[in-house]
Structure formats: C-alpha cells, structure tokens
Visitor: 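There's a structure below that I have some questions on.
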Amino acid sequence: MNKCTIYTIREYVKVFSRVCGVDDLHSGFLLDPNWSLAASQDYARKVLYEQLPSHNQKILKVGVGFGPASVELTKYGHRVTAISSNEEEINYVKDIGIKDLFTLRHSSYEDEPKSENDLIIYHEPWHKIPEYILFGHGRDLLRKEGYIVILDKVSLNSTGCTYSSISKRKTYINQAQRAGYDLVEEKDYTSLVASYTHRIIEKLQQYRSKVNYEECNESQIIASLIDMYSLHKGLFNNDEIAYRFLCFKRSGVRSGAYIRPYRDGDKEKINELFQNVFQQDQNHIWDWKFCVRNSKPYAILAFREGKLIAQYTGLQRDFYIKGKKVSSVQVCDIMVDKGARGQRKLDGAFAGTAKTFIEMYMGKNKAFEFSYGFPSRRHLKLGIILGLYDEVCSFWSFGKTDLRSYKSFAWHIKPCTDWPLTKRWLSHLWKKMRDDFKHDALGSRDIDYMKWRYKDHPVYNYLFLILKIRTLPTPKAIAIVRRSEEHTSELQSH
C-alpha cells in the first residue's frame, strides 16, 4: 500500500482551499451561477446565520467542522462554544490558530454538563443524535425559552426533494413537543439552489493536470477529493444542494419522559428500579455484568420528574455470521416502572428507550450490527406491535435434572474442576464448532466469554460437565449447568 494514501483533515482542507478559494469543504448556495465558490460560501453562511433568533447569544454549536463557521458566528456578537467528539477536528482547529476566537471543547453532546445556553445549533447530516437525546438533554443545556436550531442538507431534482437527512420531520416535531418545545420557524431554501458540484470537480481536475502526478503529495489528495465529490454527485443523482432551517423554542413543561444514555452515578437509581420491578437486589452483580467487559454500560434510561422509570440495556457478544466475526448485543434487564407501563405507543417509556438504544448503538459504523434477546411472550408481543422486534426462532428450555440418576454404558458424564484442562478442551471444541457452523450464525463461545459468563460469575455456581465416550480420552461435548441447592441442574450452554 502506498504510504501516502492517508491524510489528515488539515491536509485536505489546505489543498481544497487553495484550489477552490474557500476555507472548508462546504460549498454553500449559488444564487448567481456566475459567483465564485467563495462568494457562494459567504452568502450561504449569511443566509443561515441571519435567521438565528437574535444576536449576542450564548451558543453551543454541535460539531466543530473546520472552524470557520464558528468564527463567522462570532462576527454577529455570539459567544460560541463548539464541541466535537472527533479529536482530529479539535486538533485541526487548534493547529490553524483560530481556537482563541471561540471556546473549543472535546466532548460529545450527550456528555455535555448542565448549562444555560441561549441557542444550540445542530447540523443534522454530520452529527447523528437521536431526537430523544437532542431535545431531552437540550433542556439541561438551554436557559428557559432557549432555542434549538437544526440545519438540514437537501438534494433536489426536477421532481422535488430526493434526499433529506430530516426524513423523520414529523418525529422530530412530535418529540420536540413532548420535551416541551414549540416549532417557531421553518424555512426551505429551495429557490436559492444552483448547480455547484461539477464546478468543484472541474477546478480540481484542472489543478491536478498541472501537478506532477508521480509526486506522492497533493496529487493524491486532489484525486481523493475528486472521488468524494463525484460520489456525492452520484449518490443523489443530482448536484443541487439546498438547506432547510428548523427552529424550536423551549417553552412548556415536558410532557414525555426524558431519555438519555447511562452516565456515571446512575447505578444507584438503576438498582432501585431493578429492586422495585424484579424484587431483587443486583448491586452485587452490576459491575460484573455491565462493566467488566465494557468501559461503561450500554444502557438507555428514561426519567420523569427526576425519577428513573425505564431502562433498556444490553451485553456485548461476538457472533460469527457465515464465518465472519461481527459484534452484537444481547438485550437484557429491560424494565419499566409499574406506573409507566401499559403504553402501547412509540412515545411510551419502553418504546422510547428501545428506539433510542437502536438508533444510538446499532447499525453501520456503530457499536453493534444487530441485537437479540430472550424476551417473555408479553415483552415480545409488545415489541412486535410497536415495530421494534421480530421473532426469528424459538429455543427449547430444559427442565431440572438430578444428574446422580443418569447412567449409560457407552457415555460418561463427569464434572471437570480442573480449569486449565477445561480451558484446553473448551478451546478445542469451540474451534471444531466454528468450523461445523461456518455457513450459519453462531454466538461466540471463546475462552474469554466462557470464563466471564460462567467461571467468574459472582453469584451462581456453574459446573462444566464433560461428555465423552468411555473408551476415548477426548470429550465430545461440554455442557454448562447451573447447580442448585437441591443438587439439580439447569442447562445453560453447550
């Protein structure tokens, strides 16, 4: 692989700015086709930022980008804090020397501490935040009667809008209303659209023809930029881009639940809800279950008036799909407070946490490719009704068995308490099982998982039962059973 095929944001923007005469990769509106790209970009910022509710605002801008947009906001007297979870964006802005013009912070929207901003600017296409989090956490980040502004990129053709990242406009508005916001302004800049992508490609191609293509520097950056804009043009079957502008004002009292991801300090409230719902205390197994194998729990919580009313969470587990290793999550410990149940609609506590969990953690370029679980019949039925679940298959549930009564002349079953020996046999059988199921879906049973799940369980005592033919030294299978005080066992894995 050519060692010069990977470049930083700074290198891309530096070349693009010199060739096209603009200060970032955004191209803006072309009200007049004869405008330069720089004039178009300046006009785009002017159109958008002059729509903001007023000047001299304390603004939280979600996403740093390349910095100039935040600088532009300061020209209107705004006090800007720009946040991004992308460390490369942060470093780029620091490098180009504009960080002193506004506050720059390496942070995700979900992790922002409570504050009183006048305005939150959210550029939807580049920073995917579930609407529950956007508006719910927004109440902690805004003063009373503060605003959330959503900027949305749209592609158009002769028949109208073919693409919009706010495809769920109604969902945004409904969630805003539930969280205590009013839609106060909505604008469509379709009339300002003119073609621009082909002009950028032309400029890049002209510049590339003048560069020594054998040199491993700008020529490859130019080639990557041409590919990017060509793909952009092809994806939308068109090269016309506009913006939409949605402005929500924080006004009334929240009518729905406040939904957000797990934060440090939530453990006590979760355990209290668990005890109320399941009549059990899970303090002694919480860290083992959710923190030993992950840096923090994958959990979505719903609150009402400061009280935790629902939790939707899961445990990471690798799967092999036709031989390919993928990351999945086993949904577990789903719970809803008694007073918040019985809502068979998408804005209920259960549906809200489930939907947010799916949007935040599942899908392409996210933590997990799919989820699975073993819900009760009632839980499964509700998930199907709400369009969140689908029934794939069923599993047999084995009853309790007194192992002392099992006898066979050909087969021998015995517990194995020698962990190094058990570990060696588990590895051998797992490799063989993976080969046998290479065309199917199979949950991982590697040593790390089996040790965490069964050997190191802080509460239950598990037995590793070796099943072998009496005349052969190597076991044919290992069954894992949970032993009860009555000397009966329940099959857990095999």
Side-chain angles (χ1 to χ4, degrees), residues 274 278-290 292-293 313-320 328-334 372-377 379-380 392-437 440-494:
F274 190 92
F278 298 110
Q279 286 76 54
Q280 296 179 25
D281 182 12
Q282 69 161 359
N283 268 308
H284 50 298
I285 63 171
W286 166 264
D287 290 333
W288 166 82
K289 185 183 288 185
F290 294 109
V292 170
R293 301 176 72 237
T313 189
L315 301 172
Q316 187 274 338
R317 186 181 184 184
D318 291 331
F319 252 75
Y320 288 84
S328 70
V329 58
Q330 179 182 339
V331 175
C332 65
D333 289 4
I334 311 305
Y372 70 99
F374 307 94
S376 65
R377 178 55 56 181
H379 179 183
L380 175 62
V392 178
C393 59
S394 299
F395 287 84
W396 289 98
S397 177
F398 289 85
K400 295 183 178 180
T401 303
D402 189 339
L403 295 175
R404 293 173 300 180
S405 64
Y406 180 82
K407 295 180 180 180
S408 171
F409 292 105
W411 293 91
H412 180 54
I413 299 178
K414 70 172 184 177
C416 184
T417 56
D418 183 345
W419 173 245
L421 180 61
T422 304
K423 184 177 175 180
R424 187 166 71 248
W425 283 341
L426 281 171
S427 297
H428 167 74
L429 291 171
W430 166 235
K431 183 178 183 302
K432 190 174 186 306
M433 190 176 187
R434 273 184 57 190
D435 292 340
D436 291 342
F437 286 85
D440 300 294
L442 183 65
S444 176
R445 291 164 172 80
D446 62 19
I447 291 299
D448 289 341
Y449 175 78
M450 301 296 268
K451 182 177 183 295
W452 165 80
R453 177 64 180 84
Y454 300 110
K455 181 179 181 297
D456 295 340
H457 198 287
V459 177
Y460 296 120
N461 179 23
Y462 289 96
L463 291 177
F464 291 81
L465 298 179
I466 307 301
L467 175 64
K468 61 186 291 291
I469 298 175
R470 292 182 181 273
T471 56
L472 298 178
T474 305
K476 292 294 183 180
I478 294 178
I480 301 171
V481 296
R482 190 172 74 195
R483 190 168 185 175
S484 69
E485 294 179 358
E486 295 81 17
H487 302 289
T488 60
S489 300
E490 297 176 65
L491 181 65
Q492 298 293 312
S493 184
H494 65 286

Visitor: What's the shortest heavy-atom distance between V292 and W452, and which atoms?
Guide: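 So the two residues come closest at CG1-CD1, 3.9 Å.
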Visitor: Out of curiosity, I480 CD1 to H457 NE2, how far, rounded to the nearest 0.5 Å?
Guide: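 That separation rounds to 12.0 Å.
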Visitor: Heavy-atom count check: over 12 atoms from other residues, nucleotides or ligands less than 6.0 Å from F278 CZ?
Guide: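 Buried by this count: over 12 neighbours within 6.0 Å.
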Visitor: Can you measure from NZ (K432) to OG1 (T474) and round to the nearest 0.5 angstrom?
Guide: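 So the NZ of K432 and the OG1 of T474 are separated by 11.5 Å.
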Visitor: Taking all non-hydrogen atoms of both residues, which atom of L442 and which atom of R434 are closest, and how far apart?
Guide: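 Of all heavy-atom pairs spanning L442 and R434, the closest is CD2-CA, 4.1 Å.
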Visitor: What orientation do F290 and W286 show, parallel under 30°, tilted 30 to 60°, or perpendicular over 60°?
Guide: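 Plane angle between 30° and 60°, so tilted.
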Visitor: Any side-chain heavy atom of I466 within less than 4.5 Å of one from C416?
Guide: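 Touching, per the 4.5 Å side-chain cut-off.
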Visitor: If we ignore hydrogens and angles and just use 3.5 Å, is the side chain of R445 paired with the main-chain N or O of M450 as donor and acceptor?
Guide: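 Side chain of R445 to backbone of M450, a donor-acceptor pair under 3.5 Å: no, none is there.
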Visitor: Are the side chain of R317 and the backbone of S444 linked by a donor-acceptor contact shorter than 3.5 Å?
Guide: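 Yes, R317 side chain to S444 backbone: donor-acceptor pair under 3.5 Å.
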Visitor: Less than 6.0 angstrom separating the ring centers of Y454 and Y460, yes or no?
Guide: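 No; Y460 has its ring centre 6.0 Å or more from that of Y454.
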Visitor: Rounded to the nearest 0.5 Å, what separation is found between the OH atom of Y320 and the CG atom of D446?
Guide: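 Spacing of OH (Y320) from CG (D446) equals 6.5 Å.
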Visitor: Flag the pair F464 / W425 as yes when their ring centroid distance falls below 6.0 Å, and as no otherwise.
Guide: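 Ring centroids of F464 and W425 are no less than 6.0 Å from each other.
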Visitor: Less than 4.0 angstrom from a charged side-chain N to a carboxylate O is my criterion; do D448 and R293 meet it?
Guide: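 Answer for the salt bridge query: no.
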Visitor: So which heavy atom on R482 is nearest to which on Y462, and how close?
Guide: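 Closest heavy-atom pair between R482 and Y462: CB-CE2, 3.6 Å.
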Visitor: Atom NZ of residue position K423 - does it have more than 12 heavy atoms of other residues, nucleotides or ligands inside 6.0 Å?
Guide: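 It does not: K423 NZ has 12 such atoms or fewer within range.
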Visitor: Find out whether the Lys NZ or Arg CZ of K468 is both under 6.0 angstrom from the six-membered ring centre of W411 and within 45° of the ring's axis.
Guide: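 No, K468 and W411 do not form such a contact.
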